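As a basis for the values below, the full set of heavy atoms in this structure was taken, side chains included, without hydrogen atoms, waters or symmetry mates. As the structure is a prediction and not an experimental result, all values here were calculated from the model. Chain letters run A, B, ... following the sequence lines, proteins first and then strands; every chain starts at 1.
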Number of protein chains: 2
Amino acid sequence: MITGLAHAELIAVLAAVTGDAPRVMTVQGGFALPSGPFELGHRSLQAGLREWVGDQTGHPIGYLEQLYTFADRDRTDEATGRTISISYLGLVREQAAPGAGRPGWHGWYDYFPWEDHRQGRPKILDGIAARLTEWAGAEPKRRDLRQRRVDFTFGLSGAAWNEDLVLQRYELMYEAGLVAEAGGAAHPAGGRPMFADHRRILATGIARLRAKIKYRPVVFELMPENFTLLQLQRSVEALAGLTLHKPNFRRLIDQQELIEETGETTSGTGGRPAKLFRYRHAVLEERAMSGTKLPLSRN
Amino acid sequence: MITGLAHAELIAVLAAVTGDAPRVMTVQGGFALPSGPFELGHRSLQAGLREWVGDQTGHPIGYLEQLYTFADRDRTDEATGRTISISYLGLVREQAAPGAGRPGWHGWYDYFPWEDHRQGRPKILDGIAARLTEWAGAEPKRRDLRQRRVDFTFGLSGAAWNEDLVLQRYELMYEAGLVAEAGGAAHPAGGRPMFADHRRILATGIARLRAKIKYRPVVFELMPENFTLLQLQRSVEALAGLTLHKPNFRRLIDQQELIEETGETTSGTGGRPAKLFRYRHAVLEERAMSGTKLPLSRN
DNA sequence: TCCTTTTATACTCGTTTTGAGTATATCAGG
DNA sequence: CCTGATATACTCAAAACGAGTATAAAAGGA
């Protein structure tokens with residue numbers, strides 16, 4: 001008896017930042033994430049993905065990490081059998097875009113307009129909150145539990161907005177029938193839909209990246225070789241969907257000693273010329289920088 | 001042409017804590033992690049795993065999270081084709097052990113003796129450090145880079161020991177030929193070996209768990225219903241392989257308001273009776289507790 | 001030329017959070 | 001009624017963090 005036979009498919013969330021717009025690579029005019037079968041010739045999953053993304057888009061991927069593997073029953077196809085989808089998050093420096101395949105880059109926030117809080121709380125959230133509260137109340141028995149979940153996830157009733165909960169928010173909206181992808185969603189509440197569960201995978205990628213920039217120096221994978229501190233801050237803000245306190249951001253950056261001055265300045269942006277910096281790759285290849293959060297005892 | 005056809009296999013790292021010993025469930029007398037094919041009948045990967053672990057061991061799994069998916073070429077079998085292995089981390093409350101299948105629980109530190117720093121730095125590390133330095137020097141060109149990596153990963157030359165780098169340490173030892181699983185490892189430096197890459201998967205699980213206990217209340221999945229603060233501390237210490245500062249540990253715990261007194265006390269351990277506590281599940285189902293580490297600006 | 005706007009960069013200050021240590025309470029058992 | 005063992009409660013200084021202010025250096029128009 002042969003059990004466990006299945007098709008393997010790779011799906012990529014490739015992220016980049018242009019100015020202050022975070023972007024994701026798409027195919028089919030923004031309707032799907034790039035994906036393809038896992039070929040037998042590939043050395044490993046990671047290598048397989050690197051290869052075909054390189055071929056298809058001409059973009060070399062700097063950082064690549066596995067996101068999640070799905071094999072839900074609704075991914076089963078009559079003809080080809082069960083499909084296992086392995087998703088990856090890749091970070092790309094955008095300037096390296098050759099004219100070739102002209103992959104379609106789209107702004108994150110086209111798909112998740114409620115996630116961008118840089119201009120303050122998006123108005124779209126009012127409608128969403130109302131619909132979710134309605135949904136919570138629809139089942140009297142679970143009402144309180146649901147409402148607490150809504151409040152926490154969307155930062156309502158005094159709770160603070162938590163930018164990391166991208167996936168939880170999307171899933172909650174899915175459950176409540178507020179996204180077009182959900183079968184019975186009568187009145188989708190906003191955000192451009194995608195093929196199958198691709199928007200869910202994108203949400204997973206964004207959530208992972210938002211969490212990661214806080215304890216790992218991954219932003220630099222998205223920056224050009226030389227950059228100003230403000231550019232760096234704008235990139236982080238773009239990813240997090242939040243505005244940061246400038247003096248404190250700079251203090252944070254230089255106490256980590258991750259960057260160094262190039263010695264040059266740029267007069268590009270109108271005001272006083274800004275110093276250019278570069279990331280100190282070589283020196284701290286491994287450096288986790290994450291400290292412990294446990295109350296250690298010396299010993 | 002059919003591409004991407006493969007076998008799917010599930011591998012589980014099931015962790016538990018007995019007193020102050022962290023343990024993992026094994027088969028074949030401690031030589032392998034439990035694993036099995038992903039059957040077509042399963043609703044999803046998660047459900048599939050839950051089902052057969054429940055059947056095979058009688059242990060209900062509290063918390064379950066995906067670890068990593070592998071499909072390296074060396075996992076290919078002539079007869080059955082390529083194998084994709086999807087690994088999971090599961091947390092189990094140990095007391096729920098029925099006599100049935102009698103699964104084999106083994107201490108983590110049998111496999112990774114260098115990871116337990118509760119009694120101070122293990123002596124075995126001296127030998128390992130010497131062998132790694134030797135390995136670093138073996139290639140003059142890359143020597144400095146390698147030595148820096150060794151120092152950082154193992155906390156040498158003034159660097160602090162970082163308990164999260166379990167996987168990095170194992171991989172470094174693998175590269176240097178210090179573990180029995182590596183093909184040409186002439187003189188393994190310690191730690192019980194496992195089948196194929198199972199010890200590597202275990203290292204991945206331990207690393208994930210050590211990182212997670214710092215920002216998510218997962219320890220409670222390993223604790224009995226009622227417990228004392230010292231028991232809780234001992235469990236965290238067992239997982240982290242470190243000793244903690246008692247007063248500060250308690251302060252940390254109660255400022256998070258994750259537990260509440262049961263009202264009872266235990267006089268089990270010889271000294272003054274300790275209050276019993278329980279985890280406040282219901283109340284804070286979702287609560288991420290992770291704050292932001294970005295320097296926000298109010299807005 | 002000089003004033004305004006814009007951006008860069010440098011400090012200050014009070015609050016909170018950490019790391020580390022000390023003191024007191026309450027039991028079991030000889 | 002001591003002694004040993006554990007539980008629990010405070011204290012205190014250093015570091016990190018959130019928020020705000022001040023000064024420097026350019027561009028551009030009145």
Rounded to whole Å, NE2 of A:His245 lies from P of D:dA16 at a distance of 18 Å
Tell me, for nucleotides 11-17 of chain C in 5' to 3' order, what letter each nucleotide earns: B for a base near a protein heavy atom under 4.0 Å, S for only sugar-phosphate near one, - for neither? B------
Results of ring-ring contact (aromatic ring centres under 6.0 Å, His included) for A:Phe277 - residues two or more places apart only: none
For B:Asn248, check side chain to side chain donor-acceptor pair (under 3.5 Å) against everything at least two apart and list the hits. B:His245, B:Arg251
For B:Asp116, give me all partners under salt bridge (charged side-chain N to carboxylate O under 4.0 Å, His left out), at least two apart in sequence or on another chain. B:Arg118
What protein N or O atoms touch nucleotides 28-30 of chain D N or O atoms at under 3.5 angstrom, if any, and at what distances?
none

In terms of the angle between their ring planes, are A:His106 and A:Tyr111 parallel, tilted or perpendicular, with boundaries placed at 30° and 60°? perpendicular
Quick one: salt bridge (charged side-chain N to carboxylate O under 4.0 Å, His left out) partners of B:Arg146, sequence neighbours excluded? B:Glu139
Sequence neighbours left out, what passes salt bridge (charged side-chain N to carboxylate O under 4.0 Å, His left out) with B:Arg278? Give chain and number order. B:Glu260
Would you please name every residue forming a ring-ring contact (aromatic ring centres under 6.0 Å, His included) with A:Tyr68, sequence neighbours left out? A:Phe70
Nearest whole Å is fine: how far is D:dA25 C1' from A:Glu264 CD? 18 Å
So does B:Glu257 get a backbone contact from the side chain of B:Arg280, meaning a donor-acceptor N/O pair under 3.5 Å? yes
What pairs with B:Lys275 under salt bridge (charged side-chain N to carboxylate O under 4.0 Å, His left out), at least two apart in sequence or on another chain? B:Glu261
Is there a side-chain polar atom (N or O) of B:Lys246 under 4.0 Å from OP1 or OP2 of D:dA7? yes
When you check the side-chain N and O atoms of B:Tyr170 and B:Gln168, is any donor under 3.5 Å from an acceptor? no
Give me the distances for all protein-to-nucleotides 24-27 of chain C N/O pairs that come in under 3.5 Å?
{"from": "C:dA25", "atom 1": "N3", "to": "B:Arg272", "atom 2": "NH1", "distance (Å)": "2.9"}
{"from": "C:dT26", "atom 1": "O4'", "to": "B:Arg272", "atom 2": "NE", "distance (Å)": "3.4"}

Going by ring-ring contact (aromatic ring centres under 6.0 Å, His included), name the residues that satisfy it together with B:Trp114, two or more places apart in sequence or in a different chain. B:Phe112
Output the rounded distance in Å from CG (A:Leu252) to C1' (D:dA15). 14 Å
A:Arg250 side chain near C:dT9 phosphate (N/O to OP1/OP2, under 4.0 Å): yes
Whole-Å gap separating P (C:dG19) and CG (B:Leu242): 13 Å
I need the CD1-C1' distance between A:Ile253 and C:dA10, as an integer number of Å. 17 Å
B:Lys214/B:Glu163 salt bridge by N-O under 4.0 Å criterion: yes
Atom pair distance, as rounded to whole Å: CG in A:Leu229 and P in C:dT9: 6 Å
May I have the distance from B:Phe249 (atom CZ) to D:dA9 (atom P), rounded to whole angstrom? 15 Å
Is it true that A:Glu65 and A:Lys212 make a salt bridge, defined as a side-chain N closer than 4.0 Å to a carboxylate O? yes
Let me test you: for the helix from C:dT1-D:dA30 to C:dG30-D:dC1, what is the angle between the axes at its two ends (five pairs each), rounded to 10 degrees? 20°
Give the rounded distance in Å between these two atoms: NZ of A:Lys275 and P of D:dA26. 12 Å
Between C:dA8, D:dA19, C:dA20, spot the one nearest the side chain of A:Leu230, thanks. C:dA8
Going by an N to O cut-off under 4.0 Å, is there a salt bridge joining B:Arg169 and B:Glu115? yes
